[in-house]
Amino acid sequence: MQDVVIKTDKLTKRFGDFVATNAITLEVYKGEIFGFLGANGAGKTTAMRMLCGLSKPSSGNAVIAGYDVYRETEQIKKNIGYMSQKFSLYEDLTVLENIRFFGGIYGLTNQQIKTKSEELIARLGLEGEAKKLVGSLPLGWKQKLSFSVAVLHEPKIVFLDEPTGGVDPVTRRQFWDLIYAAAEQGVTIFVTTHYMDEAEYCNRISIMVDGKVEALDSPTQLKRNFKVSSMDEVFYQLARGAKRGD
Amino acid sequence: MKQFITFVRKEFAHVLRDRKTLLILFGMPIMQILIFGFALTNEVKNSAIVVIDYAQDEASQKLISRIEASRYFEVNKLSTDHHQIEESFKAGKVKLALIFPQNFYTDLMHQNKAQIQIITDATDPNTANTLTNYVTAIIQDYQSDLNQSASLPYRIIPETKMLYNPQLKSVHGFVPGVMALVLMLVCVMMTAVSIVREKEMGTMEILLVSPFKPLLVILSKAVPYLILSLINVASILCLSVFVLDLPVNGSLLLLFAESTLFIITCLTIGIFISVRTGSQQVAMLISLMGMMLPTILFSGFMFPIENMPKVLQLVTNIVPAKWYYIIVKLIMIKGLGFSAIWKETLILASMTLFLLIVSLKNFKIRLA
């Protein structure tokens, strides 16, 4: 029996008459890379916001890293990391200042921040850039840095919202190396993406259509179930039935 | 607390790294004070004045010739018709009228004192004031010449009448006015923009996901601007005291306390704008159009509120800058204490409280 770090039970969010996410039930295990797929407007972002404690569910239950999404959002926030599709570091601060700032607001001590930032800069090979403004770095580096900052406080779960948008395939591959390394350390990765090759990198994936989770399994199993040869086709078969779009 | 300090330090880094912001922040107040203080001072030369001489005696003739001799005035019309004065004033042809009563010299000689009337067009209070001062200086000059040979002192008593704006509402008013304007601009616009920028860049999401409390995010955004604005208040005051010779007559402590209150009001407005808008441009536009314009138009700093239509006079009441402007004027220029301004302070404080509650409510709605 694996450790369950995310457990949702009929998690639902309504905005007036509109049901953004409809009774989502899923489990994510410790150290797993979980792909959270769906077309635009399927309700991924809403679901993710609830899991992060940013938005209160209308009904249903969810336990994140052992904490309840209704009552223990503060505890949840301490135990998760987050990286959004928009680039999420401060461009007018240097690499070191960004690390120091995010370490600081997660309550790390100065000593911790110091050792961790040295470690991080060495791992990413940014020694020459540590004192440069983040805005001057190429996008791929920014994103790697952004991810490293998101796991700086050693969260149990990292939520990645389309982290590799607009990045070339080589950099994307390198980015996924970082994700694998984090997962090996026992960090659970919860990632949304539109790239089907990335979906193949995940241990398991769920596909959302019109607010519901329509499929949940490993990529291999999903392809077998749908009797197709690629994730693209699995996704297409499910998503073309969607009524909602942009 | 340590998290809070980390955050405030980061905010300072944002501000101090941005040259343009810094320039606006500290350059603008200095520029404005200097422009208002020097460029707009009316160095009065060759101003047209009318003299109405009912006395036509030795003393009046002598005084008139002295005035004519000075480079400040051009006595271009010696009229004896009382009604013409008002028309000339209305036409804007004349800035000042000097009226000698009948028996000017006799009064002076026999009663040792005589009156003289000075009427000025006070729609432009600075000019009016300067002209009056010049005229009285000439009169006093004449008076002291007379007194050199006299056993009993002669006194000429000028009776000054400021037409259209009897209280000279905006004399020296520009320093309090600039203070209100600068604080409004810095606090409202900069706070609004800096919070909205986080939303636009997507960093706000990261902050909200972190254990850092949303309320603290807002608070730590406000702290740097509070400090910077207080520095601005200090630099404006220094300029006005040391460069413009306009002293602070009242309590400096009280002035700073009231300024802090007004800064908090402005910060709250900035926060409110940022909660309701999604882009830096919109935030900037709203701050400029929605805050700067009313401040300039309705605070009483540029345009006397008394001269406005009743409806607009009512509108001025909801402009926070108006109250701050009154407070600063009373403290700085009239040197009054808290007992004179408690009402204005109360109004300002309740505005702040109201805005604070409204923006916090809105902020929570956005989070849900």
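Residue numbering restarts at 1 for every chain, and letters A, B, ... go by the order of the sequence lines. Since this is a predicted model, take the numbers as computed values, not measurements.
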Point-to-point distance, once rounded to the nearest 0.5 Å, from CD of B:E205 to CE of A:M83: 12.0 Å
Under 4.5 Å to a heavy atom of chain A? For B:E11 that would be neither
Could you tell me whether B:L293 atom CG has more than 12 heavy atoms of other residues or ligands within 6.0 Å of it? yes
Can you tell me which of B:K213, B:R197, B:M201 forms the most heavy-atom pairs within a distance under 4.5 Å of chain A? B:M201
Can a donor-acceptor pair be found, under 3.5 Å and without considering hydrogens, that links the side chain of B:K10 to the backbone of A:Y90? no
Below 4.5 Å, heavy-atom pairs only: which of B:L216, B:I206, B:V209 has the largest tally toward chain A? B:V209
Which answer fits A:T94, side chain, backbone, both or neither, if we ask what part of it has an atom under 4.5 Å from a heavy atom of chain B? both
Please tabulate, one pair per line, all N/O donor-acceptor pairs under 3.5 Å involving side-chain atoms of residues 103-111 of chain A, not counting sequence neighbours.
| residue | atom | partner | partner atom | Å |
| --- | --- | --- | --- | --- |
| A:T109 | OG1 | A:Q112 | N | 3.2 |
| A:T109 | OG1 | A:Q112 | OE1 | 3.2 |

Measure the CZ-OG distance between A:F102 and B:S210 for me, rounded to the nearest 0.5 Å. 8.0 Å
Which heavy atom of B:H14 sits nearest to which heavy atom of A:D92, and what is that distance? ND1-OD2, 2.7 Å
Answer yes or no: are there more than 12 heavy-atom neighbours, outside B:F354 itself, under 6.0 Å from its atom CZ? no
Which portion of A:L89 sits near chain B, non-hydrogen atoms under 4.5 angstrom: backbone
Identify the two heavy atoms, one from B:G202 and one from A:S84, that lie closest to each other, and give their separation to 0.1 Å. O-OG, 4.3 Å
Greatest number of heavy atom pairs closer than 4.5 Å to chain A - which of B:T6, B:L207, B:D18: B:T6
Heavy-atom contact with chain B under 4.5 Å, split by part of A:Q75: neither
Salt bridge A:E97-B:R17, side-chain N to carboxylate O under 4.0 Å: yes
